[in-house]
Amino acid sequence: MIRLFVPGRLCLFGEHTDWAGHYRTMNADVAPGAAIVTGIEQGIYAEVEKSSLFEVQSVAPEIEDQWQDFACRMDEQELKRIAKSGSFFCYCAGVASYMLEWYKVGGVRIKITSMTLPMKSGLSSSAAICVLVARAFNLLYSLNLNTLGEMNIAYVGELRTSSRCGRLDQACAFGVKPNLMTFDGDEVEVRSLNVKKPLYWVFADLCGEKDTVKILRDLNKAYPFASSEQEEREHQALGELNQDIVNRAIKFMADGDVVQLGELMNEAEALFNSHVAPMSPEELKAPKLRAVLSDPNIKPLVYGGKGVGSHGDGSVQFLARDPDCQQQLISYLNGQDMRAYPLTIKPVHTVRRAIIPVAGFGTRLYPATRALKKDFFPIPCPDGLVRPVILILLEELVQSGIEEICLVLGSEEERRLYADFFERPLSEDHLMKLPKINQEYENRIIDIGKRLRYVYQREKRGFGHAVYQAAEFARHEPVLLMLGDTLYRSLTNKPCALQLIEEYERYNGLIVGLYPVALADVSHFGIMSGVWEDRDERILNVSTVYEKPTSNYAEEFLGVRSGMGGVEYCSVFGQYILTPEVFQQLAEDIANADKEGSRREIELTSALEAVRSRMGMIGVRLYSQRFDMGNPAALVDTITKFSHL
């Protein structure tokens with residue numbers, strides 16, 4: 001059984017440009033479409049498993065008064081008939097029919113456990129259920145589809161119903177973050193966007209009426225070739241004028257210019273009303289929408305507002321001035337017989353803190369570790385200096401912009417070792433015997449010592465337990481975790497840690513570095529499986545994290561297919577960017593173990609897998625080499641190879 005969450009989606013800018021951009025396949029003068037779309041916090045939660053039938057059930061309290069469980073045979077013609085029926089389950093059947101036709105899959109049982117997403121409100125509840133069905137088949141039958149593949153199947157599946165959705169509806173497949181989507185004929189591209197300041201959005205179901213099918217039918221009359229001045233104006237609004245608005249919106253979000261962004265929302269709404277709405281005057285006169293946008297009680301709370309989706313009296317969105325205004329606006333709209341929801345788009349925190357656990361005894365390197373902790377073992381480096389392992393790791397973090405570093409030690413007594421090395425200056429006699437360049441280097445060591453913080457793992461209860469000791473240090477922000485018995489070498493001019501941080505800034509979620517290993521070696525590592533998201537096969541959409549599998553298990557379940565037909569096994573590289581949710585999960589795991597009276601080990605891998613199942617995880621192939629020094633053979637190999645460029 002697999003747990004899934006698929007959010008609804010909110011189009012911030014660029015509605016209708018997805019289907020308009022598709023007409024470039026027939027008219028090259030049509031401008032490509034562009035839209036800024038984000039997943040929202042409301043969505044569909046479900047548990048999925050294999051079945052002999054195609055079944056959709058619900059125990060969600062939010063929809064219990066309008067729900068009837070559904071089941072049918074995995075028969076292509078029957079599924080297509082249900083898809084055309086217009087029933088509540090037509091969208092699910094449309095996707096299932098496509099999966100059966102093209103992938104020859106078996107059945108699926110989907111049990112919806114919670115449905116916080118309002119339906120028929122311009123937030124693409126139909127697209128969310130289509131993505132949910134596509135993802136269920138993909139994961140249960142190991143189809144190795146990436147997110148864009150799931151999105152495309154959800155789109156085609158919905159087209160098998162009477163719906164005529166656009167391509168941006170399925171943006172919910174990419175999770176709760178803003179994305180730029182571009183539509184050039186049959187080509188769709190998706191790029192993550194960053195914001196500099198928190199954006200306090202409010203969207204609301206107007207609880208009015210609109211006929212989306214008629215709106216789309218009316219607006220499509222202008223394509224592929226405009227035959228009147230009004231149709232030309234629609235082409236302009238959904239083409240070059242929209243591109244200008246979207247480009248400015250991206251800049252304002254990146255700069256944190258919320259005032260300009262709000263004014264741009266007003267500008268976009270005015271453009272829609274003047275250039276597009278006249279093509280469907282009855283449906284797009286939208287009296288409820290226009291009344292809410294001009295409400296004098298709302299204006300002091302917001303920077304701007306506009307319609308949602310196909311427009312009409314479906315939903316409205318506002319950019320609130322701050323969190324208090326966001327809550328006041330929600331209360332006000334709810335009091336006006338609407339259903340309002342918050343959406344806070346948060347900036348990506350640049351990662352400024354790092355954790356290195358060094359609390360282990362180093363038993364595999366006994367008896368040397370009686371006298372010297374393994375992170376102080378000397379390693380010859382390419383520049384001729386012999387550095388302890390810990391100094392090599394700390395220098396990489398400093399070069400990557402890390403400002404504070406927390407070492408997880410086994411006891412307070414161990415701190416003296418680090419204080420002596422990083423905080424106590426050399427004696428004058430010792431310093432004078434060093435070459436001038438090494439005297440200057442001594443200042444760098446002392447400077448690193450000023451960045452160090454210490455916590456203690458007083459009882460050995462596993463790697464996850466060690467990491468959790470730094471929860472307070474992390475301060476509910478993303479933090480980089482680096483193993484203390486592994487060395488890393490970048491094959492570019494960017495340190496490995498910086499490469500990982502830059503990918504975090506793109507994806508704004510749990511990130512794990514990955515490194516390919518031979519099948520014979522998988523039992524020594526945590527292994528990730530999933531699907532490549534990009535042509536270069538650097539970004540892995542992780543579907544499973546498994547700690548130290550047998551080679552037989554990995555060969556059957558954990559191989560990652562490449563575009564050339566080969567199979568790789570992706571181990572954890574030894575560097576992670578942990579989100580606050582990981583520490584919350586570790587706290588829950590520790591509390592559960594304590595409640596059971598168990599002293600079992602708390603593993604990081606199980607916490608990562610729990611967070612991945614709810615929020616997703618990205619694996620990143622870094623341009624790098626990894627050197628393990630956790631056992632005698634690996635230590636010899638590292639000392640031999642690390643000194644060479």
Side-chain angles (χ1 to χ4, degrees), residues 4 6-11 14-26 30 32-40 43-44 54 76 79-80 82-84 86 89-103 105 108 110 117 119-120 122-139 143-175 179-191 212-213 215-217 219-220 223 238 308-310 531 533 541:
L4 297 178
V6 177
R9 72 97 184 101
L10 180 66
C11 183
E15 294 92 346
H16 294 293
T17 66
D18 49 347
W19 59 258
H22 178 72
Y23 279 109
R24 283 177 57 79
T25 58
M26 292 169 265
V30 171
I36 299 175
V37 192
T38 182
I40 60 178
I44 307 172
F54 180 58
E76 188 178 328
L79 288 168
K80 286 183 175 179
I82 295 168
K84 291 295 185 183
F89 299 100
C90 63
Y91 301 106
C92 304
V95 177
S97 70
Y98 184 91
M99 285 294 189
L100 179 60
E101 180 179 355
W102 290 97
Y103 293 94
V105 292
V108 162
I110 298 172
L117 177 63
M119 294 183 287
K120 298 182 179 180
L123 302 173
S124 288
S125 56
S126 60
I129 194 68
C130 288
V131 169
L132 178 70
V133 175
R135 186 159 294 165
F137 278 107
N138 183 28
L139 295 179
L143 302 180
N144 288 292
L145 298 166
N146 62 15
T147 305
L148 195 60
E150 292 176 343
M151 186 186 84
N152 287 334
I153 288 173
Y155 171 70
V156 174
E158 187 164 354
L159 289 183
R160 292 190 169 193
T161 73
S162 59
S163 170
R164 285 299 169 261
C165 60
R167 296 302 296 268
L168 66 78
D169 289 348
Q170 283 74 25
C172 56
F174 289 91
N179 293 285
L180 169 66
M181 300 185 72
T182 54
F183 311 96
D184 188 346
D186 291 329
E187 297 294 320
V188 179
E189 293 188 3
V190 183
R191 175 168 65 89
T212 301
V213 173
I215 292 171
L216 293 174
R217 185 167 60 242
L219 299 189
N220 271 267
Y223 289 85
L238 302 183
V308 173
S310 57
V531 180
E533 287 288 302
N541 189 337

Practice problem: Assess whether side-chain contact (heavy atoms from CB on, under 4.5 Å) is satisfied between Trp19 and Phe183, documenting all intermediate values. | Solution: CA-CA 8 Å; Trp19 59 258; Phe183 311 96; over 6 Å; no
Quiz prompt | Where Leu79 and Ser97 come nearest, the two heavy atoms and their spacing | solution = CB-CB, 3.7 Å
Quiz item: Can you name the residues that form a side chain to side chain donor-acceptor pair (under 3.5 Å) with Thr147, not counting sequence neighbours?
Solution: Glu533, Asn541
Quiz item: Say you draw a straight line from OG of Ser126 to CG of Leu117; how long is it, rounded to the nearest 0.5 Å?
Solution: 9.5 Å
Sequence neighbours excluded and cut-off under 3.5 Å, please list the side-chain donor-acceptor pairs for residues 131-138, or say none.
| residue | atom | partner | partner atom | Å |
| --- | --- | --- | --- | --- |
| Arg135 | NE | Glu150 | OE1 | 2.7 |
| Arg135 | NH2 | Glu150 | OE1 | 2.9 |
| Arg135 | NH2 | Ala173 | O | 2.9 |
| Asn138 | OD1 | Asn144 | N | 3.2 |
| Asn138 | OD1 | Leu145 | N | 3.0 |
| Asn138 | ND2 | Leu145 | O | 3.0 |
| Asn138 | ND2 | Glu150 | OE2 | 2.8 |

Practice problem: Scan side-chain atoms only and decide if Glu15 and Ser310 contain a donor-acceptor pair under the 3.5 Å cut-off. | Solution: no
Quiz item: Among all residues two or more places apart in sequence or in another chain, which pass the side chain to side chain contact (heavy atoms under 4.5 Å, CB included) test with Ala20?
Solution: Tyr223, Leu238
Quiz item: CD/Gln170 to CE/Met181 distance, rounded to the nearest 0.5 angstrom?
Solution: 8.0 Å
Practice problem: Mind checking salt bridge (charged side-chain N to carboxylate O under 4.0 Å, His left out) for Glu101 and listing every partner two or more places apart, or none if nothing turns up? | Solution: Lys80, Arg160
Quiz item: Any chance CD of Glu189 has more than 12 other-residue heavy atoms, nucleotides or ligands included, within less than 6.0 Å?
Solution: no
Quiz item: Roughly how far apart are Cys11 SG and Ile36 CD1, rounded to 0.5 Å?
Solution: 8.5 Å
Quiz prompt | Nearest heavy atoms of Pro7 and Ala128, plus distance in Å | solution = O-CB, 3.7 Å
Exercise. May I have the step-by-step check of side chain to side chain donor-acceptor pair (under 3.5 Å) for Asp169 and Tyr155, ending in yes or no?
Key: CA-CA 8 Å; Asp169 289 348; Tyr155 171 70; over 6 Å; no
Quiz item: Quick one: does Val188's side chain get under 4.5 Å of Leu168's, heavy atoms only?
Solution: no
Quiz item: Is there a side-chain contact between Asp186 and Thr25, using heavy atoms and a 4.5 Å cut-off?
Solution: yes
Quiz item: Would a 4.5 Å heavy-atom cut-off, applied to side chains only, mark Leu143 and Val105 as touching?
Solution: yes
Quiz item: Who pairs with Asn179 by side chain to side chain contact (heavy atoms under 4.5 Å, CB included), at least two apart in sequence or on another chain?
Solution: Phe174, Lys177, Val190, Ser192
Self-check item: Minimum-distance pair of heavy atoms, taken over all atoms of Cys90 and Ala83
Solution: CB-O, 3.3 Å
Quiz item: Does the side chain of Lys84 reach to within under 4.5 Å of the side chain of Thr161, using non-hydrogen atoms?
Solution: no
